[in-house]
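Contents: one structure, followed by commentary.
First listed ligand is number 1; within each ligand, the first listed atom is number 1.
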Amino acid sequence: MTKCIRAARAVTMTSGEEPVIKDFAMLHDQGRILDAGPWSELKKDFSGDVEDLGDVTIVPGLINAHVHLELSHLTGMTVQGQGFTGWIKSLLANPLYELETEAVRKAVLEMQAEGTAFCVDISTRNCAQVASIMDELGMGFFACCEAIGVQIPKEGAKFFPQKQYTHGRAAGSGHSLYSTGAEFLQAVKKADDAAGLPYPIHMAENAEEDEIVAAGSGEFAQMLKGVGLLADCGKKGLRPVEYADSLGLLDQSTLAVHCVRVSETDIITLKQRKVNVCLCPRSNAYIGEGRAPWEKILESGINTCLGTDSIASNHDLSMWNELEYLLKNIKISMSPVEALALVTTNSARALKIFDSYGSLEKGKRAVYASVPNKLEDLLF
Ligand SMILES: [Zn+2]
């Protein structure tokens, strides 16, 4: 049966529409939007239940483009501000192998409570289990099984569960250029491409990565070598983006996560290859990696979105808090639509889920988020 949601204001993120629609209404049935627009127009042909959200601004359901839910039990269990090597040592001091399912469930419910409707989850060990939890709780998702290690994949190998889910899909992702062998990264990319899936990979996150990719050296390289996870990533003095490009990993399906340490040339390469960038501002600050050149990345026209990364390198998994942090620290002015695009339309385009997510318009999922008061002033 058709139902209606009303709100005082909406930013639908539908192209060609006024940015803010006052006295907004959205008719929906079976989880899909049938019509959306001013209540004054929609009420003429509607006589069903109306859920009035009151004096709030709603936007499309938010998308968290990078999270690791298998680390949900690690709130406050890692060091802050000591750089990546220090952070990873503190991470590895925790129990990581057994999935704490209750912590994952709680994290998903908290994400949903603050408006996140879709996430890209990266799991090293528990991809199928995390996917099942997200599916059960109705979170839209890509559950990515992370490729890590230097093994050469066997012919015909499968890199992620070939299982049907109601609310999402399993996919493959690459951990990084330094911890995953080139053939492995390429094979997973090929599998994702064949299935029409996005290909996330951590890229240009920190100084350690620069050093390993360029020269194969450093304390972190020795740590990786000790556990058999140091990839032979060229050692030709290349920057991470240059090396990824040399492997053919950069195209419109790639989601390059972090991009903290990208040069102007790297940004041009990412733009030319139509790569999507996922920024994780609070995670980078938490670890002490510095911050990505947000302004240059955005001004280049690269399709850019936001992710929280895991709770092991952030204070919470709130996309509103992620956006707030960026807006308070960025040095260019952004319109409400440009800012909200980082957590809605841009993310949906990057992930190729724009037919169902990213805007409040006919045919898409009837999922929305309410703008918290603290964001109203920053956005409008
Ligand atoms: Zn990550």
- prompt: For R365 and Y357, does a side-chain donor sit closer than 3.5 Å to a side-chain acceptor?
  reply: yes

query: Under 3.5 Å, is there a donor-acceptor pair between the E376 and T57 side chains?
result: yes

- prompt: Strictly under 2.8 Å, is any N, O or S atom of H66 next to the Zn ion (ligand 1)?
  reply: yes

message: So, 2.8 Å as the limit: is an N/O/S atom of C280 located closer than that to the Zn ion (ligand 1)?
response: no

query: Quick one: CE on M26 to SG on C4, what's the gap to the nearest 0.5 Å?
result: 8.5 Å

task: Flag this pair as yes if the NZ/CZ of R125 is under 6.0 angstrom from the six-membered ring centre of Y97 and inside a 45 degree cone about the axis; otherwise no.
output: yes

- request: Please name the atom of D309, restricted to N, O or S, that is closest to the Zn ion (ligand 1).
  value: OD1

